[in-house]
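Have a look at the structure below before the remarks.
Side chains included, hydrogens not; waters and symmetry mates left out as well; all remaining heavy atoms used.
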2 protein chains.
Amino acid sequence: MARARKNASKAGDRRREQLLELGLRLFSDRSFADISIDDIAAAAGISRGLLYHYFRSKRGFYTESVRYAADQLVASTDTPATLEPEARMRAGLAAYLDYVERYAAAYALLLRGGLGVDPEVAAILEGAREAIVARIVREAPELEASPPVHAALRGWIHLVEGMSLDWIERRELPRERLIEVFMAALWSIAEAALGDLALAGAASART
Amino acid sequence: MARARKNASKAGDRRREQLLELGLRLFSDRSFADISIDDIAAAAGISRGLLYHYFRSKRGFYTESVRYAADQLVASTDTPATLEPEARMRAGLAAYLDYVERYAAAYALLLRGGLGVDPEVAAILEGAREAIVARIVREAPELEASPPVHAALRGWIHLVEGMSLDWIERRELPRERLIEVFMAALWSIAEAALGDLALAGAASART
DNA sequence: ACTTTGAATTGAATTCAATTCAATTTTCTG
DNA sequence: CAGAAAATTGAATTGAATTCAATTCAAAGT
């Protein structure tokens, strides 16, 4: 029975995941309100009721789809610890844009959730941002972990998110330039948040 | 009858506006889904049906509340044309933060699309951003209206929005420093978007 | 003052979609 | 194979949004 449970649960997990991937696609095409449980069930080729076996509610399904995308994103931007801080930062941004490009729909879903939405979705997004901020602070020796730096980094992430979203829609900047914008903004924002010269050494050192 | 029409319509508009203000308050406390038409009607002291006299639907009511807040925000950040460009920019940001502080709830509502963010709400936000970008370009002589500059400015607005939202919740930075961060970020982002030295003169001139 | 007209207002009736649940089938294990 | 647990279904329920026919109200013209 132990194995049964385990197998069953493994099969169940796979199915769950397939459903979440479907959710990603559906919710990035049409809005939450425009999609009914029946639509989802039909698209998945299962019954209405089975969806409730896997997910608490329609909203729960949406929430989990968002969480799924957020986890993917955070995981896919992890970078090798062997790189120098600045190179590592660039590598992280490149990986971020890779994700944005490859899973444009999932990324849009994630951010279309908006800056807030319902508390649970907001918490998921906040968690993803916090994970990225924590990683940057851990990796960038010249940024001390003070509240101003945190505020600056969170702001910077909003910039990255907003410009990335625009980028997949309009392609107004070449990819490399976009990364340059992110790098330049990161330093100037952190510097300004701390006060005039606190980071001057580090900032000019990088040039 | 001409006067009757006009009066009637004027009274109707006033009422509509009161309802929208109520909507602003309600929707920033609880989420769209958590508030029923009956809740709204009860809070307004009117009947369910009358709400449908003034607004197409529950969603329509929400959408118009958002539009109302967006218009307020854009209007309240207009600045006197008599100021020098940089001072004008600072004045605009100060006005922006004034709005954010005074109408924190409305501001939060604005940036929270709502579950799944329907296209109409997204369009309202996009429109508000575009209005602000257009104003900045019009007022800042050193920014030519090229696609890269537009992309940079839209990104910068996301930064401003995100940090402002954080700011009212956590107050990690003093107001003046926040404005400094915005100013510093604006130049470095625009500069980086254009390419290495295009704005160098203007950027250092401001210091 | 009186009638007409259209807007404001109501609440009961309808509709539509989410959720629940008891029953059935499938899948695994001993 | 028996029998338990999980997967799966669809009919029944529920709750909230929307519609609408009826009523009140306020202003305008006569």
A:Asp34 CG - C:dA18 C1' separation (whole Å): 16 Å

Polar atoms only, N or O, under 3.5 Å: list the protein pairs with nucleotides 14-20 of chain D and their distances.
| from | atom 1 | to | atom 2 | distance (Å) |
| --- | --- | --- | --- | --- |
| D:dA17 | OP1 | B:Lys58 | NZ | 3.0 |
| D:dA17 | OP2 | B:Ile37 | N | 3.1 |
| D:dT18 | OP2 | B:Tyr52 | OH | 2.8 |
| D:dT18 | OP2 | B:Lys58 | N | 2.8 |
| D:dT18 | O5' | B:Tyr52 | OH | 3.4 |

B:Pro141: side chain to side chain contact (heavy atoms under 4.5 Å, CB included) partners, not counting sequence neighbours: B:Pro85

Residues forming a ring pair (Phe, Tyr, Trp, His ring centres under 6.0 Å) with A:Tyr103, sequence neighbours excluded: A:Tyr99

Selection residues 68-84 of chain A - residue pairs positive for salt bridge (Lys or Arg N to Asp or Glu O under 4.0 Å), sequence neighbours left out: A:Asp78-A:Arg135

Terminal axes of the helix from C:dA1-D:dT30 to C:dG30-D:dC1 (five pairs each): angle between them, nearest 10 degrees: 10°

Spacing between A:Leu51 atom CG and C:dA18 atom P, to the nearest angstrom: 11 Å

For atom CD1 of A:Ile46 and atom P of C:dT24, their distance in whole Å: 21 Å

Aromatic plane relationship, B:Phe27 with B:Phe61 - under 30° parallel, 30 to 60° tilted, over 60° perpendicular: tilted

B:Phe55 CZ to C:dT9 P, straight-line distance once rounded to whole Å: 12 Å

side-chain N/O B:His53 vs C:dT9 OP1/OP2, d < 4.0 Å: no

Pairwise salt bridge (Lys or Arg N to Asp or Glu O under 4.0 Å) hits with a residue in residues 18-36 of chain B, at least two apart: B:Arg30-B:Asp39

Salt bridge (charged side-chain N to carboxylate O under 4.0 Å, His left out) against B:Arg48, all qualifying residues, sequence neighbours excluded: B:Asp38

By side chain to side chain contact (heavy atoms under 4.5 Å, CB included) - contacts of A:Ser164 (at least two apart): A:Tyr96, A:Leu97, A:Val100, A:Tyr107, A:Val160, A:Phe182

Qualifying salt bridge (Lys or Arg N to Asp or Glu O under 4.0 Å) pairs with a residue from residues 93-109 of chain A, counting only residues at least two apart or across chains: A:Asp98-A:Arg175, A:Glu101-A:Arg171, A:Glu101-A:Arg175

